[in-house]
Amino acid sequence: MNGPFPGIAGLDTYALVDGGCRVEVIPSRGAIVTRMHVDGDELLYLDEATVADPAKNVRGGIPVLFPIAGPLPGDTYSVEGRSYSLPQHGFARKLPWQVRQAEASRLVVTLSSSEETLRHFPWRFEAQLRFSLVGTRLTLEFEVENQDTRPLPLHLGFHPYFRVPDAAKSQARVDTDATRAWDNRRGQDVAFTGLDLTEEEVDLHLKDHSQPGTTLGRGPGLEPIRLSWSPEYRVLVVWTLHGKDFVCVEPWTAAKGALATGEALPSVQPGARASLVFHIEV
């Protein structure tokens, strides 16, 4: 097994390396990818102070969103007449994942249901996240086994903070054929006519992006990032803040609040497994 090294704040960090590409993952901080270097180009934005402080949600890298992506109304939802609470984006990004396999260009970690998770999400499950690096392509494969007696709702997403200099946002782009979006700032559905990444905040949930992927153009002198994903990811979220050197391009399996509404929410049958992939490549 390829062992860890002390990374940010001394946290055990695993490196995946293939040629000029290097990826770093911290399993104990929600199995977050913190860095992806390709021939000296850092693809990800990261606020290291949020990694070092366990009380904070990490701002940067690639957080894992499970068992919900986005917030719930009032952070609550009901199952069989009982109310449960879940914070925005769920608990997977906050809990430690267990390392099962670590090789030069592959890392496998797992997260299982526990008394703690069952208080917030009353399904027994085992999730496995496999990171693999081939050339300049990073693959994140999320597999979940439903160990419960009821269908398990699968509200999953990834929240990559791609490094885009603030000064380059006027020339950055996210390829999409979407025509409709939920504008999370305004709290309403809107006709989508294009992205202006220079606005004070962009928080758009593209509802009819039809392709299983997109390309993020990061502006002059930076290689575009090509993304592709399983067809189960049906909502594409784009988020950025003025003055910050990132653009988040996030595939989700369902719209925010889907755990409460059930709307277009995929599920995994008892005893079955589901496996979804997300590829990042330059």
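These numbers come from a predicted model, not from an experiment.
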Student: So which atom in L46 and which in V58 form the shortest heavy-atom distance, rounded to 0.1 Å?
Tutor: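 So the two residues come closest at CD1-CG1, 4.1 Å.
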Student: Let's go through Q101 and E103 carefully: what are the C-alpha distance in whole Å and the side-chain angles of both, what is the deciding distance for side-chain hydrogen bond (donor to acceptor under 3.5 Å, both in side chains) to 0.1 Å, and is it a yes or a no?
Tutor: CA-CA 7 Å; Q101 182 181 359; E103 300 173 3; 2.5 Å; yes
Student: Would E200 and R185 satisfy salt bridge (Lys or Arg N to Asp or Glu O under 4.0 Å), going step by step from the backbone distance to the final call?
Tutor: CA-CA 11 Å; E200 194 67 26; R185 291 187 65 204; over 6 Å; no
Student: Under the rule for side-chain contact (heavy atoms from CB on, under 4.5 Å), what residues qualify as partners of Q88, not counting sequence neighbours?
Tutor: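 If we apply the side-chain contact (heavy atoms from CB on, under 4.5 Å) test to Q88, skipping adjacent residues, the hits are P71.
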Student: Using a strict 4.0 Å threshold on nitrogen-to-oxygen distance, state whether D189 and K207 make a salt bridge.
Tutor: yes
Student: For E24 and Y14, what are the C-alpha separation, side-chain angles and deciding distance, and is it a side-chain contact (heavy atoms from CB on, under 4.5 Å)?
Tutor: CA-CA 6 Å; E24 296 182 6; Y14 289 78; over 6 Å; no
Student: State, with a plain yes or no, whether a side-chain heavy atom of K94 is found less than 4.5 Å away from one of N57.
Tutor: yes
Student: May I ask you to check whether T240 and E201 show a side-chain donor-acceptor distance below 3.5 Å?
Tutor: no
Student: Please work out whether the ring planes of F66 and F121 are parallel, tilted or perpendicular, with thresholds of 30° and 60°.
Tutor: perpendicular
Student: May I have the step-by-step check of side-chain hydrogen bond (donor to acceptor under 3.5 Å, both in side chains) for T110 and E126, ending in yes or no?
Tutor: CA-CA 7 Å; T110 60; E126 180 172 278; 5.4 Å; no
Student: List the atom of A92, the atom of W97, and the distance in Å for their closest heavy-atom pair.
Tutor: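 Closest approach of A92 to W97, heavy atoms only: O-NE1, 3.0 Å.
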Student: Check whether any side-chain heavy atom of D166 lies under 4.5 Å from a side-chain heavy atom of H242, and answer yes or no.
Tutor: yes
Student: Short question: side chain of T13, backbone of I26 - any donor-acceptor pair under 3.5 Å?
Tutor: no
Student: Begin with the C-alpha distance, continue with both residues' side-chain angles, and end with the deciding distance and a verdict on side-chain contact (heavy atoms from CB on, under 4.5 Å) for Q188 and R186.
Tutor: CA-CA 6 Å; Q188 64 186 56; R186 294 158 61 183; 3.0 Å; yes
Student: Output, in order, the C-alpha distance, side-chain angles, deciding distance and verdict of side-chain contact (heavy atoms from CB on, under 4.5 Å) for E281 and C21.
Tutor: CA-CA 10 Å; E281 185 175 14; C21 187; over 6 Å; no
Student: Hey, any chance I32 and I8 share a hydrophobic cluster, counting ILVMFWY side chains that come within less than 4.5 Å of each other, even indirectly?
Tutor: yes
Student: Rounded at 0.5 Å granularity, tell me how far CD1 in I280 sits from CG in L44.
Tutor: 7.0 Å
Student: Indicate the atoms forming the closest heavy-atom contact of A172 with V164, along with that distance.
Tutor: CB-CG1, 4.1 Å
Student: Which atom pair, heavy atoms only, marks the closest approach of R59 to T50?
Tutor: N-OG1, 2.9 Å
Student: Is the count of non-hydrogen atoms from other residues, nucleotides or ligands lying under 6.0 Å from R124 atom CZ greater than 12?
Tutor: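 No.
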Student: Do P67 and L86 have side-chain heavy atoms sitting under 4.5 Å apart?
Tutor: yes
Student: So, do L11 and R29 sit near enough that their side-chain heavy atoms are less than 4.5 Å apart?
Tutor: yes
Student: Apply side-chain hydrogen bond (donor to acceptor under 3.5 Å, both in side chains) to residues D75 and S85 and explain how you reach the verdict.
Tutor: CA-CA 6 Å; D75 291 338; S85 65; over 6 Å; no
Student: Supply the atom-to-atom distance F162 CZ to D245 CG, rounded to the nearest 0.5 angstrom.
Tutor: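 Reported to 0.5 Å precision, the distance equals 15.0 Å.
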Student: Check whether the side chains of T176 and H209 place a donor and an acceptor atom closer than 3.5 Å, and report yes or no.
Tutor: yes
Student: Are the side chains of S228 and R137 in contact, using a 4.5 Å heavy-atom criterion?
Tutor: yes
Student: For the pair D208 (side chain) and T179 (backbone), establish whether a donor and an acceptor sit closer than 3.5 Å, ignoring hydrogens and angles.
Tutor: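 Looks like yes, one N/O pair under 3.5 Å.
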Student: Look only at the side chain of T34 and the backbone of G61, and say whether a donor-acceptor pair between them is shorter than 3.5 Å.
Tutor: no
Student: Identify, with sequence neighbours excluded, every residue that meets ring pair (Phe, Tyr, Trp, His ring centres under 6.0 Å) alongside F192.
Tutor: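 Once residues adjacent in sequence are excluded, F192 has no partner under the ring pair (Phe, Tyr, Trp, His ring centres under 6.0 Å) criterion.
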Student: I'd like to know if R22 and D39 make a salt bridge, using a cut-off of under 4.0 Å between side-chain N and carboxylate O.
Tutor: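 Looking at D39 together with R22, the answer is no, because their closest N to O distance does not fall below 4.0 Å.
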Student: In Å and rounded to the nearest 0.5 Å, what is the CG to CZ distance from L276 to F158?
Tutor: 8.5 Å
Student: Do we see a donor-acceptor contact under 3.5 Å between the side chains of H37 and E42?
Tutor: yes
Student: Can you see which heavy atom on K256 is nearest to which on G70, and at what distance?
Tutor: CB-CA, 4.4 Å
Student: Which heavy atom in P165 sits nearest to a heavy atom in R218, and how many Å separate them?
Tutor: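 P165 and R218 have their closest heavy atoms at CD-O, 4.4 Å.
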Student: Parallel under 30°, tilted from 30 to 60°, perpendicular over 60°: which one fits the rings of Y45 and F246?
Tutor: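 Rings of Y45 and F246: tilted, 30 to 60°.
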Student: Has N146 got a side-chain atom pairing as donor or acceptor with V268's backbone, closer than 3.5 angstrom?
Tutor: yes
Student: Is there a donor-acceptor pair closer than 3.5 Å between any side-chain N or O of R150 and the backbone N or O of P122?
Tutor: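 Checked: pair present.
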Student: Going only through I, L, V, M, F, W and Y residues with side-chain contacts under 4.5 Å, is there a path from L133 to V25?
Tutor: yes
Student: With the side chain counted from C-beta on, respond yes when D47 and Y161 share a heavy-atom pair under 4.5 Å apart, and no when they do not.
Tutor: no
Student: Decide side-chain contact (heavy atoms from CB on, under 4.5 Å) for V235 and V237; before the verdict, give the C-alpha distance in whole Å, the side-chain angles of both, and the deciding distance to 0.1 Å.
Tutor: CA-CA 6 Å; V235 175; V237 176; 4.2 Å; yes
Student: Quick check on the hydrophobic clustering: are L65 and V51 connected, directly or via other members, by side-chain heavy-atom contacts under 4.5 Å?
Tutor: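 Result: no, two separate clusters.
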Student: For the residue pair Y77 and W123, does the interplanar ring angle fall in the parallel (under 30°), tilted (30 to 60°) or perpendicular (over 60°) class?
Tutor: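 Taking W123 first and then Y77, their aromatic rings lie parallel (interplane angle under 30°).
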Student: To the nearest 0.5 Å, what is the distance between CZ on F278 and OH on Y233?
Tutor: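 Result: 8.0 Å between the selected atoms.
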Student: Any donor-acceptor pair under 3.5 Å linking the side chain of S114 with the backbone of T117?
Tutor: yes
Student: If you define the side chain from C-beta out and look only at heavy atoms, does anything of L154 sit under 4.5 Å from S267?
Tutor: no
Student: Is there a donor in the side chain of D18 and an acceptor in the side chain of S105, or the other way round, less than 3.5 Å apart?
Tutor: no
Student: Just verifying a value: how many Å separate L118 CG and Y84 OH, rounded to the nearest 0.5 Å?
Tutor: 8.5 Å
Student: Would you check if the side chain of H89 reaches a backbone N or O of H159 as a donor-acceptor pair within less than 3.5 Å?
Tutor: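 Side chain of H89 to backbone of H159: no pair is present.
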Student: Give, for atom CG of L140 and atom CZ of F131, the distance between the pair rounded to the nearest 0.5 Å.
Tutor: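 Result: 5.5 Å between the selected atoms.
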Student: Inspect the surroundings of CD in E263 and state if more than 12 heavy atoms from other residues, nucleotides or ligands are less than 6.0 Å away.
Tutor: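 No.
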Student: Salt bridge check: are D196 and K169 linked by an N-O gap of less than 4.0 Å?
Tutor: no
Student: Just checking, is any N or O donor in the side chain of H279 or T139 under 3.5 Å from an acceptor N or O on the other one?
Tutor: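 A donor-acceptor contact under 3.5 Å links the two side chains.
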Student: Do the side chains of D148 and F125 get nearer than 4.5 Å, heavy atoms only?
Tutor: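 Heavy-atom side-chain distance check fails, nothing below 4.5 Å.
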Student: Shared ILVMFWY cluster between L265 and L206, side chains joined below 4.5 angstrom?
Tutor: yes
Student: Could you tell me whether the side chains of R106 and S132 share a donor-acceptor contact shorter than 3.5 Å?
Tutor: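 Result is no, nothing qualifies.
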Student: In the single-linkage hydrophobic clustering (I, L, V, M, F, W, Y; side-chain heavy atoms under 4.5 Å), do V249 and V33 co-cluster?
Tutor: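 V249 and V33: one cluster.
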